[in-house]
Amino acid sequence: MLFPDYRPRRLRKNEVFRALIQETRLSPAQLVYPLFIVPGKNKREEITSMPGVFRVSVDQLKKEAEECLELGVNSVILFGLPEKKDAMGSGAHKKDGIIQTAIRELKRSAPKLLVITDVCLCEYTDHGHCGCIINKEVDNDATLEILARTALSHAQAGVDMIAPSDMMDGRVAEIRATLDENNFESIPIMAYSVKYASAFYGPFREAADCAPQFGDRRSYQMDPANSREALREATLDVDEGADILMVKPAVAYLDIITKLRDEFDLPIAAYHVSGEYAMIKAAAEKGWIDGDRVMEETLLSIKRAGADIIITYFAKDMAKILKRRL
Ligand code: PBG
């Protein structure tokens, strides 16, 4: 016989052996933990729809950072809730705004931590859209300058990487040009290149208080039915100077992650978003699934699809399990 029957070998049952041949592996070094920052002091409020995730004030950041670093989760992405919102989202680029203050605090108290900022206006606009509104519509071009100014203010505060999530056309080029003109050539851009108009962002909008007050985000976020469009969006970002490409959400879009992985040689990030986290947490709380196992299986699937980096509210929980296995 040419091909002998396949026989399960004795070692397949052995944990050491399984680890030896494991194709995909999670590492805390490639997980990014999102932090929500609120004004005030001594604040640590749990987000109702995201059990285990807190909105914290700047004075709590040192502790948060130390916990992440201790677990090997060396990167965080920051979201801020400003004191005041207005139509133009001007709180996004204030020198002493919530995010700028948070960056300075993290760089001072935990210099080893890689600090990424989400650049978008929706947390700062009173209408909750990701850009400024002119004639009742989000105005792409008028928004670009505000986004670039925001990115620059983060750079001046000491951020390590900028992640524009607004989905305006041309924002990567505009931000890149502004950073370069101001001698921040070395700051990379992780672009939310493929961001779908998704219902999975629900809990985040509660957490960041940024649900649109009218209409929805479909004019600038992508249609879940489309995948070729994802390649076009990503190609634009690559041409404009993106250093890392992101797909968001993750699990409902694993095919898109794989497509981007095959098409581009840049690092690929995936955002396992708030709703994806909340679903697992809720089912686990009810005792309907084993939360830890579903978490790991989910994160592995994102890796297996081709993501290098995973932004996830599970970062610390996953890292704790990985650490116990060492
Ligand atoms: C800002 C932004 C959103 C998320 C990340 N950045 C909300 C949105 O686009 O509506 C969602 C992240 C999550 O759900 O965890 N535009």
Side-chain angles (χ1 to χ4, degrees), residues 28-83 91-92 94 96-124 150-151 153-155 157-165 190 192 201 203-210 246 248 250 269-278 281 299 309-320:
Q30 292 191 299
L31 302 177
V32 179
Y33 188 61
L35 288 172
F36 295 98
I37 301 143
V38 289
K41 262 201 154 37
N42 256 322
K43 293 244 167 80
R44 196 175 146 78
E45 325 156 338
E46 191 162 23
I47 300 160
T48 321
S49 52
M50 300 170 74
V53 181
F54 295 81
R55 310 202 284 193
V56 300
S57 49
V58 169
D59 56 288
Q60 304 291 306
L61 286 176
K62 182 168 191 266
K63 222 167 67 204
E64 291 287 332
E66 280 166 359
E67 200 190 340
C68 286
L69 288 171
E70 170 65 25
L71 289 165
V73 176
N74 301 324
S75 309
V76 294
I77 183 162
L78 309 186
F79 298 96
L81 284 92
E83 204 102 50
K94 277 201 346 219
D96 57 353
I98 185 88
I99 288 294
Q100 293 77 358
T101 312
I103 298 168
R104 272 186 242 111
E105 167 59 18
L106 283 171
K107 285 285 121 189
R108 195 182 55 78
S109 60
K112 273 209 215 120
L113 194 74
L114 187 107
V115 178
I116 308 167
T117 48
D118 181 273
V119 168
C120 190
L121 300 187
C122 67
E123 292 122 82
Y124 304 90
T150 302
S153 72
H154 294 178
V159 81
D160 295 299
M161 178 151 76
I162 298 284
S165 75
M190 174 163 74
Y192 285 73
Y201 308 146
F204 176 94
R205 291 185 185 167
E206 178 207 322
D209 184 24
C210 70
M246 197 201 298
K248 175 181 165 199
Y271 200 142
H272 184 247
V273 301
S274 55
E276 303 181 89
Y277 172 84
K281 279 292 194 185
L299 297 179
I309 302 161
I310 308 175
I311 303 170
T312 172
Y313 305 97
F314 277 129
K316 289 191 293 186
D317 293 344
M318 191 64 240
K320 276 179 205 152

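Fair warning: this is a prediction, and the values are worked out from it, not measured in the lab. Residue indices begin at 1 and follow the sequence shown.
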Self-check item: Expected output: side-chain Asn74 to main-chain Ala29 donor-acceptor under 3.5 Å
Solution: no

Quiz item: Is a side-chain donor or acceptor of Gln60 paired with a backbone partner of Lys41 at a separation under 3.5 angstrom?
Solution: no

Exercise. Taking the side chain as every heavy atom from C-beta outward, state whether Leu81 and Ile37 have any pair of such atoms under 4.5 Å apart.
Key: no

Quiz item: How long is the gap from CG on Leu113 to CG on Leu61, to the nearest 0.5 Å?
Solution: 9.5 Å

Quiz item: Can you find a heavy atom in the side chain of Met318 that is under 4.5 Å from one in the side chain of Ile310?
Solution: no

Quiz prompt | Geometric cation-pi criterion Lys94 and Tyr124, 6.0 Å radius, 45° cone | solution = no

Quiz prompt | Expected output: side-chain Ser57 to main-chain Asn42 donor-acceptor under 3.5 Å | solution = yes

Practice problem: Flag the pair Lys281 / Asp317 as yes when at least one side-chain heavy-atom distance between them is below 4.5 Å, and no otherwise. | Solution: yes

Quiz item: Got Phe79 and Cys120 here, is their nearest side-chain heavy-atom distance under 4.5 Å?
Solution: no

Practice problem: Step by step, work out the side chain to side chain contact (heavy atoms under 4.5 Å, CB included) result for Tyr277 and Phe204. | Solution: CA-CA 10 Å; Tyr277 172 84; Phe204 176 94; over 6 Å; no

Quiz item: Taking atom CD of Glu45 as the centre, does the number of heavy atoms from other residues, nucleotides or ligands within less than 6.0 Å exceed 12?
Solution: yes

Practice problem: Compare all side-chain heavy atoms of Leu31 with those of Phe314 and state whether any distance is below 4.5 angstrom. | Solution: no

Self-check item: Distance in Å, His154 NE2 paired with Met161 CE, rounded so as to fall on 0.5 Å steps
Solution: 14.0 Å

Practice problem: Could you tell me whether Lys63 and Glu67 have a side-chain N and a carboxylate O separated by less than 4.0 Å? | Solution: no

Quiz item: Just wondering, are more than 12 heavy atoms of other shown residues or ligands nearer than 6.0 Å to NZ in Lys62?
Solution: no

Quiz item: How about Ile98 and Glu83: do any of their side-chain heavy atoms sit closer than 4.5 Å?
Solution: no

Quiz prompt | Sub-4.5 Å side-chain heavy-atom contact between Pro51 and Glu46 | solution = yes

Self-check item: Atom pair CG (Leu106) and CG (Leu114), whose distance is rounded to the nearest 0.5 Å
Solution: 11.0 Å

Quiz item: Side chains of Ile116 and Asp160: closer than 4.5 Å at any heavy-atom pair?
Solution: no

